[in-house]
Amino acid sequence: MPGVPTSRGCEACRKQKKRCDQEQPACGRCLRLGIPCVGGGARRFKFTENRTPDDVSGIWVAQAAPPPRDAPPQRAIVRRAATAIHGAPARALCSETVRLRASLISMLEVKDARYNLGYYGPFFALLPCRLGVHPALDAAVAAVTHSAPCLFKQESSSLALEKYGRALYMLRLSLHDGAVDLAIETLCTIYLLWISEVGWDPSTYFDWITGNSEGHLMHTHVIALLLKSVARRTDIDTFQTHLLRTLCMAVLVHSVFDPRVHLDTLVINRFLVHGPRFPPSNQLASPFDTLTVPNFARIPRLIHHPEDHLTQLTSLYAQMQSDFPKLRAIAVSPTLQASPTASLETIRSQINYQTAYGLFLSVATMLNRLCFVADSSRRHLQGELDVLCDEIVALGRRGLVLRPLGSHYMPMSLSAAWAAVGFEEEGNEKEVEGRKKEIEALAREYCSSDGLMQAWRARGMQTRWQFERFRRKMDGGHEVVLVSRGGRGLVAVD
């Protein structure tokens with residue numbers, strides 16, 4: 001190392017910069033001059049490996065060696081200690097992962113019930129600890145955090161689109177991995193992209209970034225397939241349990257309104273029926289016996305194939321009508337009315353109940369029309385439909401103060417009511433049209449753009465054509481097949 005002395009000559013020779021023969025007990029020059037010979041043959045510096053926590057490769061530094069124990073006393077010599085050389089840190093003090101984790105935590109700490117991420121599942125609280133390991137998951141979290149301005153401002157941004165495109169690219173690489181069927185992080189990535197695409201709520205099927213509603217179908221199918229692949233796993237921790245149960249409920253709710261989505265029975269039994277019970281404060285715990293997991297799991301089958309389950313269809317609707325009065329009394333009670341001064345936990349528990357109530361009304365409305373098609377002599381079904389639709393409209397008006405995330409369930413309920421009104425209904429056409437316009441006006445309060453409103457109508461039309469398909473089957477006619485035309489909705493083809 002340059003600048004580090006290597007001579008072992010005595011102090012007198014070194015001071016005069018003379019060559020020392022290092023003879024013992026005194027060198028020739030010191031004997032000739034008659035002066036003490038001190039330090040001859042001693043090594044004054046040694047090299048040691050200095051390791052730091054961030055750099056394990058090691059850097060050699062020079063340190064002063066202690067004098068031998070048998071060396072005679074010597075005059076104090078003041079020398080400048082060699083400066084230790086430290087390597088650069090292996091990681092930056094504020095990495096991209098740290099910044100991403102900070103952005104996500106700041107979103108999780110939002111106390112405003114209108115923008116709280118807690119409605120998307122309890123696993124969000126554990127998500128920051130999972131960052132920095134799976135590149136696709138990190139990219140999806142970045143897409144969610146950068147789509148927040150789109151939600152607040154109700155307009156898209158180039159930065160959100162860039163982050164979304166990056167997340168899709170990283171997801172594609174992850175899906176090419178051979179171990180993708182075992183990657184819980186891949187499932188979480190798809191769910192986060194679903195949230196960033198569909199207006200921060202899977203049940204509305206709306207896209208805040210691009211303004212269309214077709215991308216949700218691919219995500220839902222992939223999630224359903226991956227859930228089936230991990231259903232037999234046993235090494236599942238708390239984060240994975242919360243995530244998988246959230247995904248199961250999201251896909252199951254989606255399957256009620258879309259016949260193309262199916263959740264395997266094995267998945268339902270593994271993560272919902274036989275899994276640990278939900279705590280009462282959890283948003284996935286249904287307060288209604290009608291919407292318990294075993295009952296709710298058979299609803300998609302009853303709605304999409306009513307001709308094969310007429311008895312069960314009628315029985316379930318009768319049970320829902322029996323529960324409806326007491327559920328409505330609870331929903332309109334003062335304890336479930338949102339108050340600006342209430343705590344976030346109180347408001348969230350209210351929203352959880354209202355969400356389950358909105359889903360209850362949606363299912364009851366669709367079952368009402370299916371029961372009417374099965375037996376048109378039951379004239380009382382028309383009056384019950386009017387009451388259900390009025391309750392959906394009233395619930396939508398109460399939920400306006402909690403838009404967008406606090407009332408994320410409303411577009412789903414309004415779509416079901418819009419599809420049911422006027423179908424096989426005998427009455428004043430102007431009255432029916434007025435009711436539909438009232439529902440559309442309220443839906444526009446939740447769908448702030450023409451693209452979102454168009455997607456909302458497409459969802460209602462799909463539900464309405466399911467009613468028409470069942471009617472034609474009961475009449476012995478041709479089956480109605482739904483065909484997508486350029487992402488602009490669905491049309492019926494005989």
Do the side chains of [X] and [Y] get close enough for a salt bridge, i.e. N-O under 4.0 angstrom?
{"X": "R166", "Y": "D138", "value": "no"}
{"X": "R471", "Y": "E468", "value": "yes"}
{"X": "D390", "Y": "R435", "value": "yes"}
{"X": "K437", "Y": "E440", "value": "no"}
{"X": "R101", "Y": "E96", "value": "no"}

Min side-chain heavy-atom separation [X]-[Y] under 4.5 Å:
{"X": "H134", "Y": "S174", "answer": "yes"}
{"X": "L327", "Y": "Y353", "answer": "yes"}
{"X": "I184", "Y": "L226", "answer": "no"}
{"X": "R398", "Y": "V332", "answer": "yes"}

Short question: side chain of S413, backbone of G358 - any donor-acceptor pair under 3.5 Å?
yes
Can you confirm if the NZ or CZ of R369 lies within 45° of the ring axis of F372 and under 6.0 Å from the centre of its six-membered ring?
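Yes; both conditions hold, so R369 lies above the ring face of F372.
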Positive for side chain to side chain contact (heavy atoms under 4.5 Å, CB included) with M366, one of I299, L388, V256:
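The passing option is V256.
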Between Q462 and R459, do the side chains contain a donor N or O and an acceptor N or O under 3.5 Å apart?
yes
E384 versus Y317, side-chain donor and acceptor atoms under 3.5 Å
yes
Other residues, nucleotides and ligands only: do more than 12 of their heavy atoms fall within 6.0 Å of NZ on K436?
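Correct, the count exceeds 12.
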List the steps, then state whether ring-ring contact (aromatic ring centres under 6.0 Å, His included) holds for F123 with Y191.
CA-CA 12 Å; F123 74 92; Y191 182 60; 5.7 Å; yes
